[in-house]
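The structure appears below as structure tokens.
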Amino acid sequence: MSENNTANNTEAKKKANFINMQIDADLAAGKNDKRVHTRFPPEPNGYLHIGHAKSICLNFGLAQQYGGKTNLRFDDTNPSKEETEYVESIMEDVHWLGFDWENRLYYASDFFPKLHAFAIQLIKEGKAYVDDQDAETISSQKGTPQKPGMESPHRNRLVEENLDLFERMTAGEFNEGEKVLRAKIDMTSPNMHMRDPIIYRIMKAHHHRTGDKWCVYPMYDFAHGQCDYWEGITHSICTLEFEVHRPLYDWFIDQLKDSDYRPRQIEFARLNLTYTVMSKRKLLELVKDGHVSGWDDPRMPTISGLRRRGYTPESIRNFSDKIGVTKVDGMIDVSLLEFSVREHLNKTAQRVMGVINPLKVVITNYPEDLVEELDAVNNPEDETMGMRKVPFTREIYIERDDFMEDPPRKFFRLGPGREVRLRYAYFVTCTDVIKDENGEITELHCTYDPASKGGNSPDGRKVKATLHWVSATHGVKSEVRLYDRLFNDEDPNGHKDVDFKEFMNPDSLSVLSDCYLEPFIKDSKPLDHFQFERLGYFNMDPDSTPEKPVFNRTVALRDSWAKAQGKE
RNA sequence: UGACCUGUGGUGUAACUGGCAACACGUCUGACUCUGGAUCAGAAGAGUCCAGGUUCGAGCCCUGGCAGGUCAACCA
């Protein structure tokens, strides 16, 4: 695991949610030998996103709270969409988040033989039949939520005939779509899912694990609950849209169970975040159409994207705790996610100075060849992180935004004739503003006060501002990537008749290639976290090379000056 | 003309078997500060979708409405 803290030691006092209460009740009633066993069941057809992180934290967190276990199970019943690449990324992401399924890795495909045998059992019991009709016909007989369905003409086939047909389906004698196996339940049920649901379909696709062995594959409803049952799951936690599936889930368990043990499905509201989309289909679309650089583009709400952006597992876990678990289908403000990273990184991130929009400053009374190694604090929130040296020279860079030729009343930073502190260095006073023929400021001349070395006030005089800076001769030239929200609309999904991509923010990425960082960052590795003082939290991007380090801005610091600016 | 689910400050969550609505984010003050960060102190903001009812007392219970979500894939 790339981050040393695992999820176990951050738990402590979680708020009880409605699922806790239901588990407490189950335990009090002595159900399932008082076990708590959950599972996280992703389909390997895409990368995990922050919504999955909520589910992962919930499932693994619950098990930890009750001294139970959590399985990782790949729900791979549809070979046409699933790939090994996704399996690997999912395992990496779950581990990175700080959770471990130990030796309990399962695939729904592990259960294909048992599922198939169970289907045969249902046929023998007269509870399943083969239907020869095509998809359209079957669907039209299904009725609507308001109108009951009609029975298929094949519904009352003889058991022997069903057995024979299903066997031949399995052997590959029929083409895709020619036949399906359906459970025989109730075509008039007010619940659409109970109207003789299809449980097996013919698919002549290559499966990422079972290869070409099978010609028939079970449907989700026919696989999920049974896998839960065979794995010994006690609480099968899923999202709200499966609520209407629960009677069917229970129906299959009823056919299967041979003891008092029974898994129970509980539904909670999936996570919705402002200014983003959260469906694998839409995220895939962004990737495929090249709107982002990949699943791990730092603007993506995927776990791999957040990781590359500089989020920490701890911050995501804390976020997950904070948002709680309910059945209310709401929308969480991204600012809460951002708060979670700031909170964690403030306590842990190495401080460093970096200038991302350089303006050269010449300190005219400072010796030409002198290089002073000044002391800087690595993290004021954590003394154990120690100190480092920062080289100071006659020519430095400061942030362009930190100088104004004609500063307004509330601008505290540098201006002509003004004195400010250079962090850990000296007090400097601006004496000259150098411009090119277009009137653009190209350089500042300052003088420094040798008595203020280290940034201390020699005589108790105050300066209004402290600026970060980087030596022009020692600074490490770098690329910095700034990110903004991917969408301009709070709910890009919430507009009927308007495609979500219409709301994409054209300025969600800006690349600054003329940035200078203090030499300390030379030793950093991809994904290392930093606070660039006064700017925000950044981490090193894997695109970095020794010649050109690249940093991503995870999130900016809270900035009351910028906020005040925005209001004018 | 259905079934199931949901409805508490701007947002998200709390409120044990009914006892004067709490916390977090966000917002706004002020203090402090070698990060306009962090920290600290404080403020504003809901009377719990509506209407009845039960009760000394209801966000919690009952009745009836209203609003929103989900369900008609050989997807999960």
Side-chain angles (χ1 to χ4, degrees), chain A residues 15-17 41-43 45 75-78 80-82 108 131 134-135 138-140 142-149 176-182 189-195 197-203 216-217 219-221 223-224 238-247 267 269 274 280-281 319 321-340 342-343 346-347 351 353 376-377 380-381 410-413 420-425 427 452 454-457 463-468 531-536 556-564:
Chain A
K15 263 189 232 156
N17 54 52
E43 182 188 11
N45 67 341
D75 220 328
D76 55 353
T77 55
N78 184 357
S80 67
K81 291 185 175 175
E82 296 148 7
D131 198 335
D134 60 29
I138 290 178
S139 139
S140 68
K142 250 200 172 133
T144 69
Q146 288 81 7
K147 283 185 210 98
E176 289 187 12
E178 263 183 63
K179 296 193 175 353
V180 290
L181 184 68
R182 302 176 70 179
S189 169
N191 183 332
M192 297 290 290
H193 298 277
M194 300 298 272
R195 325 240 260 229
I198 292 167
I199 61 180
Y200 259 98
R201 77 288 212 186
I202 297 168
M203 283 187 105
V216 291
Y217 290 92
M219 300 287 290
Y220 164 85
D221 284 309
H224 204 101
C238 61
T239 45
L240 253 26
E241 67 270 30
F242 292 102
E243 210 151 26
V244 280
H245 293 237
R246 198 186 330 134
E267 311 84 12
T274 54
K280 280 198 261 185
R281 206 210 86 224
F319 169 73
D321 283 350
K322 272 193 254 274
I323 60 178
V325 182
T326 64
K327 301 188 72 155
V328 186
D329 187 24
M331 171 88 71
I332 305 239
D333 197 322
V334 259
S335 66
L336 189 57
L337 218 209
E338 294 176 344
F339 168 81
S340 298
R342 286 199 189 98
E343 185 187 41
N346 175 48
K347 285 184 277 192
R351 266 57 168 182
M353 290 194 286
V377 176
E381 305 292 320
K410 286 197 172 160
F411 185 84
F412 302 152
R413 287 109 93 147
V420 297
R421 169 168 35 232
L422 295 177
R423 183 145 226 228
Y424 302 127
F427 282 17
S452 62
N456 301 307
S457 178
V463 287
K464 290 278 270 276
T466 299
L467 308 187
H468 62 275
Q531 184 196 99
F532 291 2
E533 296 219 21
R534 304 210 303 134
L535 295 179
L557 250 32
R558 281 187 64 218
D559 186 346
S560 46
W561 164 244
K563 194 181 289 173

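Residue numbers begin at 1 in each chain, while the letters A, B, ... track the order of the sequences. When reading the values below, keep in mind they use all heavy atoms of this one structure, side chains included, and skip hydrogens, waters and symmetry mates.
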Using a heavy-atom cut-off of 4.0 Å across all strands, would you classify [X] as base, sugar-phosphate, or nothing?
X: A:Tyr200; value: nothing
X: A:Phe427; value: nothing
X: A:Gln531; value: base
X: A:Met353; value: nothing
X: A:His193; value: sugar-phosphate
X: A:Thr274; value: nothing
X: A:Pro41; value: nothing
X: A:Ser139; value: sugar-phosphate
X: A:Glu43; value: sugar-phosphate
X: A:Asp134; value: base
X: A:Arg342; value: nothing
X: A:Arg351; value: base
X: A:Tyr217; value: nothing
X: A:Glu243; value: sugar-phosphate

So, is [X] close to the [N] phosphate, meaning a side-chain N or O under 4.0 Å from OP1 or OP2?
X: A:Thr466; N: B:rG36; answer: no
X: A:Lys563; N: B:rC28; answer: yes
X: A:Arg246; N: B:rA3; answer: no

Judged by atom type as modelled, is there a donor-acceptor pair below 3.5 Å linking the side chain of [X] to the main-chain atoms of [Y]?
X: A:Asp131; Y: A:Val180; value: no
X: A:Arg421; Y: A:Gly455; value: yes
X: A:Arg342; Y: A:Ala556; value: yes
X: A:Arg351; Y: A:Glu533; value: no

Under 3.5 Å, N/O pairs linking protein and nucleotides 11-14 of chain B:
{"from": "B:rU11", "atom 1": "O3'", "to": "A:Met331", "atom 2": "O", "distance (Å)": "3.2"}
{"from": "B:rU11", "atom 1": "O2'", "to": "A:Met331", "atom 2": "O", "distance (Å)": "3.2"}
{"from": "B:rG12", "atom 1": "OP1", "to": "A:Met331", "atom 2": "N", "distance (Å)": "3.3"}
{"from": "B:rG12", "atom 1": "O2'", "to": "A:Ile323", "atom 2": "O", "distance (Å)": "2.9"}
{"from": "B:rU13", "atom 1": "OP1", "to": "A:Thr326", "atom 2": "OG1", "distance (Å)": "2.7"}
{"from": "B:rU13", "atom 1": "O2'", "to": "A:Lys15", "atom 2": "NZ", "distance (Å)": "3.4"}

Under-4.0 Å salt bridge between A:Lys81 and A:Glu43: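 No, no charged N to carboxylate O under 4.0 Å.
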Residues A:Glu343, A:Lys322: salt bridge by 4.0 Å N-O rule: yes
Quiz question: going by heavy-atom distance under 3.5 Å, is there a donor-acceptor pair between the base of B:rG36 and the side chain of A:Arg558?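 Donor-acceptor pair under 3.5 Å: no.
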Going by ring centres under 5.5 Å and near-parallel planes (under 30°), is A:Tyr220 stacked on B:rA76? no
A:Trp561 and A:Phe412: aromatic ring centres closer than 6.0 Å?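 Aromatic pair excluded; centres sit 6.0 Å or further apart.
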For B:rC61, which nucleotide in any strand shown is its Watson-Crick or wobble partner with both distances under 3.5 Å? B:rG53
Watson-Crick or G-U wobble partner of B:rU33, both distances under 3.5 Å: none
Look at the rings of A:His245 and A:His193 and say which category their plane angle falls in: under 30° parallel, 30 to 60° tilted, over 60° perpendicular.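 It falls in the tilted class, 30° to 60°.
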In B:rG26, glycosidic geometry as syn within 90° of 0 or anti otherwise: anti
